[in-house]
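What follows is one structure encoded as structure tokens, with my remarks underneath.
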Amino acid sequence: MEIDCIFCSIYAGEIPTEFLYSDDKCFVIRDINPVARIHLLVIPTDHIEYMNDSPDMVKMVVRDLFSAAITVSESEGVAETGYRLIINQKEDGGQEVPHLHMHLLGGELLGSLD
Ligand code: 5GP
Ligand code: ZN
């Protein structure tokens with residue numbers, strides 16, 4: 001747990017937040033500022049800031065993140081219609097919160113990346 005990290009604080013229960021999924025490896029919450037009808041954040045419980053600085057930790061947790069994404073895509077009703085997963089990294093990636101997380105967007109037709 002990293003002091004002053006919003007996602008570590010949420011996992012520790014210091015900020016009241018609905019958990020759509022939670023175990024000792026990762027948890028899923030709704031994004032506070034959704035950009036799609038369904039906008040979830042799939043977050044490892046370990047405080048990993050930048051993937052490239054912690055490749056071994058990333059390898060340990062990646063299957064748990066994808067497994068949680070599959071689980072909540074089904075519980076949130078987007079498994080049939082589809083969804084998009086995004087991980088922003090550092091400045092050029094537009095990362096605001098320096099604790100690794102995967103966005104799951106869906107519930108509507110998303111814009112093209114072209
Ligand atoms: P990033 O830009 O780092 O990839 O995404 C960070 C996301 O975290 C943003 O979409 C932002 O809306 C979301 N976020 C920031 N603070 C909070 C919070 O306190 N609670 C929740 N649920 N989401 C947050
Ligand atoms: Zn953290």
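When a ligand or atom number is given, it counts from 1 through the structure's own listing order.
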Need the atom name: nearest N/O/S atom of His99 to the Zn ion (ligand 2).
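For His99, the N/O/S atom sitting closest to the Zn ion (ligand 2) is ND1.
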
Please name the atom of His47, restricted to N, O or S, that is closest to the Zn ion (ligand 2).
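Nearest N/O/S atom: ND1.
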
Can you confirm whether more than 12 heavy atoms, excluding those of Arg84, are under 6.0 Å from its CZ atom?
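Yes, the 6.0 Å shell around CZ holds more than 12 heavy atoms from other groups.
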
Flag the pair [X] / [Y] as yes when at least one side-chain heavy-atom distance between them is below 4.5 Å, and no otherwise.
X      : Y     : result
Met51  : Ile87 : yes
Ile43  : Ile29 : yes
Leu105 : Val35 : yes
Ile10  : Phe19 : yes

Please lay out, stage by stage, how Leu104 and Val72 fare under the test side chain to side chain contact (heavy atoms under 4.5 Å, CB included).
CA-CA 9 Å; Leu104 188 157; Val72 294; 4.1 Å; yes

Got an N/O contact under 3.5 Å between [X] and ligand 1?
X     : value
Ile10 : no
Asp31 : yes
Val97 : yes

Tell me which part of [X] gets within contact of ligand 1: side chain, backbone, both or neither, using heavy atoms under 4.0 Å.
X      : answer
Ile6   : side chain
Leu41  : side chain
His101 : side chain

Salt-bridge test for Arg30 and Glu76: reply yes if a basic N is under 4.0 Å from a carboxylate O, no otherwise.
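Salt bridge present between Arg30 and Glu76.
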
Among all protein non-hydrogen atoms, which one is nearest to [atom], and what is the separation to 0.1 Å?
atom                    : value
atom 22 (N) of ligand 1 : Arg30 O, 2.8 Å
atom 23 (N) of ligand 1 : Ile32 N, 3.3 Å
atom 3 (O) of ligand 1  : Glu96 N, 2.7 Å

Mark up the atoms of ligand 1 that fall under 4.0 Å of a heavy atom belonging to [X], in ascending order.
X     : result
Phe7  : 8 (O)
Asn33 : 12 (O)
Asn88 : 1 (P), 2 (O), 4 (O)
Gly94 : 2 (O)

Check: Ser67 main-chain N/O paired with Thr71 side-chain donor or acceptor under 3.5 Å
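The answer is yes, because a donor-acceptor pair under 3.5 Å joins these two groups.
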
Heavy-atom proximity to atom 4 (O) of ligand 1, best of Glu18, His103, His99, Met102
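The nearest heavy atom belongs to His103.
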
Should Thr17 be listed as contacting ligand 1, given a heavy-atom distance under 4.0 Å as the test?
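No heavy atom of Thr17 comes that close to ligand 1.
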
Provide the closest heavy-atom pair for Pro44 versus His99 in the form atom of the first, atom of the second, distance.
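Heavy atoms only, the tightest pair is O-NE2, 2.8 Å.
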
Between His103 and His39, how do the two ring planes meet: parallel, tilted or perpendicular, split at 30° and 60°?
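Judged by the thresholds at 30° and 60°, the geometry between His103 and His39 is tilted.
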
With the 4.5 Å side-chain cut-off for hydrophobic clustering, are Ile86 and Val78 part of the same group?
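Per the 4.5 Å side-chain linkage, Ile86 and Val78 are not co-clustered.
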
